[in-house]
Amino acid sequence: MNLSELQAELRHFAAERDWQPFHTPKNLSTALMVEAAELAEIFQWMTPEQSQAVSLDADKKARVAGEIADVLLYLLQVADHCEVDIAQAATHKLAHNARKYPPVRSIARVSQVNAAVPGVHVLLDYENVQPSEEELRALVPDASQVWVFHGPHQREVDKHFAGFGDAVTPVPISKTGKNALDFHLSFYMGYIASRNPSAALVVVANDKGYEPMLEHARAMGFAARQLGHVTAKRTTSAAKTRAKRVAAPAKKAAIAPPAPAPAPAPTKKAPAKKAATKKSTPAPAAPKAAAKTPAPAKKATPAARKTRTPSSAAPVKRLVDNLRRMGEQRPTKTKSLWRLLKSLLGSEATDDAVEAVLGRLVSEGVVKVSSVTGVSYPKFAQQ
């Protein structure tokens, strides 16, 4: 029974007993104060702890319930005789109090209406992945509700999914901490499942820690699954890798070791060639490194060795062997693979060297980089 129905019932109750002449706003508000005092009388001599435990005593709980009902019924009659819309008045008062007393912190709230909407509910771990609205729609085309779980530093996240309108619900975590967002997402998944057992639940995150919860939910009969997503930052990195792969021939030509050809070339390595012909023609003043070590031109400097590393077949073969031995421990994310290659190449490896090696691995079919599924290893899958 809603408030309007209660007020109609009270009018009928008073009419059957000819009480209408006495039910003026003055008399009803006075009676309301008396009933409120009777409610307060129950707790008058209790300690705070005793008052909090009143629900454990059946008799005291029944007395409290009776007095609360008297207060509510008189309040409804006062509003009815003064023609006040209680729901509207309460909403306006809450808005006024919100302006008067700003919140000191943000606490996540859930929309019960959205939780009960049938269809596909997407629970997005926005700290873990940050897809655009278009990417999210491509990932889950039939999404009907989107719950965006985010940290305190990520603000106005609902604006990134404005196309969903009222179907998007931002959920800021109440407090930061290890796995805090994961626990929030898990709680909301259970809440939505309890309100809407037939809903399909899709967790969008790259974090593998959700799988035990999802497996348990599926065992209980819920439609629950997880989808990964490469963030915009990783997608950009993958795009750069593809661009480097397209320009691989030019790159290899630029970083190839100097050929021991006798003909002089207009390059920066000209002083090294002059040093090789020192017996017949006096060479001009050379840099200190060249004067210190009169080595032949084919002996490369550390910088040349670093540049030559990605085009050498031996390091690439060594990287392939390492990746093969790693088995299921091979990186599945572009950023993780990048760090692994840089570590295997050595501390002297430059970003260009890592990109060149990654381009070689992709062109030889060892590695496949996808903006949707991440990193895979088709060559090893065939073995």
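None of the values given here were measured: they were computed from a predicted structure.
Residues Val71 and Leu32 are in side-chain contact: their nearest non-hydrogen atoms beyond the backbone lie under 4.5 Å apart. Between Val34 and Tyr74 the shortest side-chain heavy-atom distance does not fall below 4.5 Å. By the 4.5 Å heavy-atom criterion applied to side chains, Ser132 and Glu135 are counted as neighbours. Counting heavy atoms from C-beta outward, Val54 and Lys61 have side chains that stay 4.5 Å or more apart. Side-chain contact between Phe161 and Val148 is present, with heavy atoms from C-beta onward closer than 4.5 Å. Counting heavy atoms from C-beta on, the side chains of Pro331 and Met326 come closer than 4.5 Å. Contact check for Phe149 versus Asp125: no side-chain heavy atoms found under the 4.5 Å cut-off. A 4.5 Å side-chain heavy-atom check between Val157 and Val168 finds every atom pair outside the cut-off.
Once rounded to the nearest 0.5 Å, the distance linking CG of Leu185 with OH of Tyr126 reads 15.0 Å. In this structure, CE in Met213 is found 9.0 Å from CG in Asp182, a value given to the nearest 0.5 Å. Separation of atoms CH2 (Trp338) and CD (Glu355) is listed at 4.0 Å; rounding is to 0.5 Å. From Lys379, atom NZ reaches atom CD of Glu364 across 6.0 Å, with rounding to the nearest 0.5 Å. Rounded to the nearest 0.5 Å, atoms CG (Leu227) and CG (Leu139) are 5.0 Å apart. Note that OH of Tyr210 and CD of Gln226 are 8.0 Å apart. Values are rounded to the nearest 0.5 Å.
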Margin query: Apply side-chain contact (heavy atoms from CB on, under 4.5 Å) to residues Asp207 and Val129 and explain how you reach the verdict.
Written below: CA-CA 9 Å; Asp207 190 344; Val129 293; over 6 Å; no

Note to self: Checking Arg339 against Lys335 for the side-chain contact (heavy atoms from CB on, under 4.5 Å) test, could you report, in this order, the C-alpha distance in whole Å, the side-chain angles of both residues, the deciding distance, and whether it holds?
What the structure shows: CA-CA 6 Å; Arg339 287 197 297 266; Lys335 194 171 182 180; 3.5 Å; yes

Next item on the list: Would you sort out whether Glu67 and Glu41 count as a side-chain contact (heavy atoms from CB on, under 4.5 Å), showing the intermediate values?
Entry: CA-CA 10 Å; Glu67 298 303 337; Glu41 184 182 14; over 6 Å; no

Note to self: Pair Arg137, Phe164 - check side-chain contact (heavy atoms from CB on, under 4.5 Å), show working.
What the structure shows: CA-CA 10 Å; Arg137 288 186 182 277; Phe164 284 98; 3.8 Å; yes

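For the pairing with Asn114, the side chain to side chain donor-acceptor pair (under 3.5 Å) check across Asn196, Thr169, Asp166 returns one residue only, Thr169.
Side-chain atoms of Arg17 come within 3.5 Å of backbone atoms of Phe13 as a donor-acceptor pair (strictly under, hydrogens ignored). No donor-acceptor pair closer than 3.5 Å links the side chain of Thr332 to the backbone N or O of Val375. A donor-acceptor contact shorter than 3.5 Å links the side chain of Asn27 to the backbone of Phe22. Between the side chain of His229 and the main chain of Ala205, no donor-acceptor pair closer than 3.5 Å is present. A distance-only check finds no donor-acceptor pair linking the side chain of His12 to the backbone of Ala8 [under 3.5 Å]. Judged by distance alone, the side chain of Arg330 and the main-chain N or O of Leu323 form a donor-acceptor pair under 3.5 Å. At least one donor-acceptor pair closer than 3.5 Å links the side chain of Glu133 to the backbone N or O of Gly163. The main-chain N or O of Lys60 is found under 3.5 Å from a side-chain atom of Asp57 such that the two form a donor-acceptor pair. A donor-acceptor contact shorter than 3.5 Å is absent between the side chain of Asn206 and the backbone of Gly228. Within the 3.5 Å criterion, the main-chain N or O of Arg324 finds no donor-acceptor partner in the side chain of Tyr377.
For His153, the NE2 atom is densely surrounded, since the number of other residues' heavy atoms within 6.0 Å is greater than 12. Within 6.0 Å of CE on Met46 lie more than 12 heavy atoms contributed by other residues, nucleotides or ligands. Counting heavy-atom neighbours within 6.0 Å of Glu16 CD, excluding the residue itself, gives a total above 12. Atom CZ of Arg63 sits in a sparse spot, with 12 or fewer heavy atoms from other residues, nucleotides or ligands closer than 6.0 Å. Counted within 6.0 Å of CD on Gln329, heavy atoms from surrounding residues, nucleotides or ligands total 12 or fewer; the atom is thus considered open.
Phe222 approaches Pro197 most closely through the heavy-atom pair CD2-O, 3.7 Å. Nearest heavy-atom pair across Ala199 and His121 is CB-CD2, 3.7 Å. Heavy-atom minimum distance, Ala217 versus Met189: CB-CE, 3.9 Å. Heavy atoms only, all atoms of each residue included: Val140 and Val202 are closest at CG2-CG1, 4.2 Å. The minimum heavy-atom distance between Val122 and Ala143, with the atom names listed, is CG2-CB, 3.6 Å. A pairwise comparison of heavy atoms in His184 and Ala180 identifies ND1-O, 2.8 Å as the closest pair.
Leu358 and Val366 fall within the same hydrophobic cluster, defined by Ile, Leu, Val, Met, Phe, Trp and Tyr side-chain heavy atoms under 4.5 Å apart, directly or through other members. Using a 4.5 Å cut-off between side-chain heavy atoms of Ile, Leu, Val, Met, Phe, Trp and Tyr, with links allowed through other members, Val146 and Val117 fall into different hydrophobic clusters. Residues Leu72 and Leu28 fall into different hydrophobic clusters, defined by Ile, Leu, Val, Met, Phe, Trp and Tyr side chains chained together at heavy-atom separations under 4.5 Å. No continuous path of hydrophobic side-chain contacts links Val64 to Leu73 [ILVMFWY only; heavy atoms under 4.5 Å]. The cluster map of Ile, Leu, Val, Met, Phe, Trp and Tyr, joined by side-chain heavy atoms under 4.5 Å apart, puts Val320 and Val357 in the same cluster.
Applying the side chain to side chain contact (heavy atoms under 4.5 Å, CB included) rule to Ser4 yields the partners Asn2; only residues at least two apart in sequence or on another chain are considered.
Under 3.5 Å, the side chains of Glu127 and His150 contain no donor-acceptor pair of N or O atoms.
Salt-bridge annotation for Asp321 and Arg318: absent, with no side-chain N of the basic residue lying under 4.0 Å from a carboxylate O of the acidic one. Between Arg218 and Glu211, at least one side-chain N (NZ, or NE/NH1/NH2) sits under 4.0 Å from a carboxylate O, which counts as a salt bridge.
Residue pairs meeting the side chain to side chain donor-acceptor pair (under 3.5 Å) criterion with at least one partner in residues 82-99, sequence neighbours excluded, are absent.
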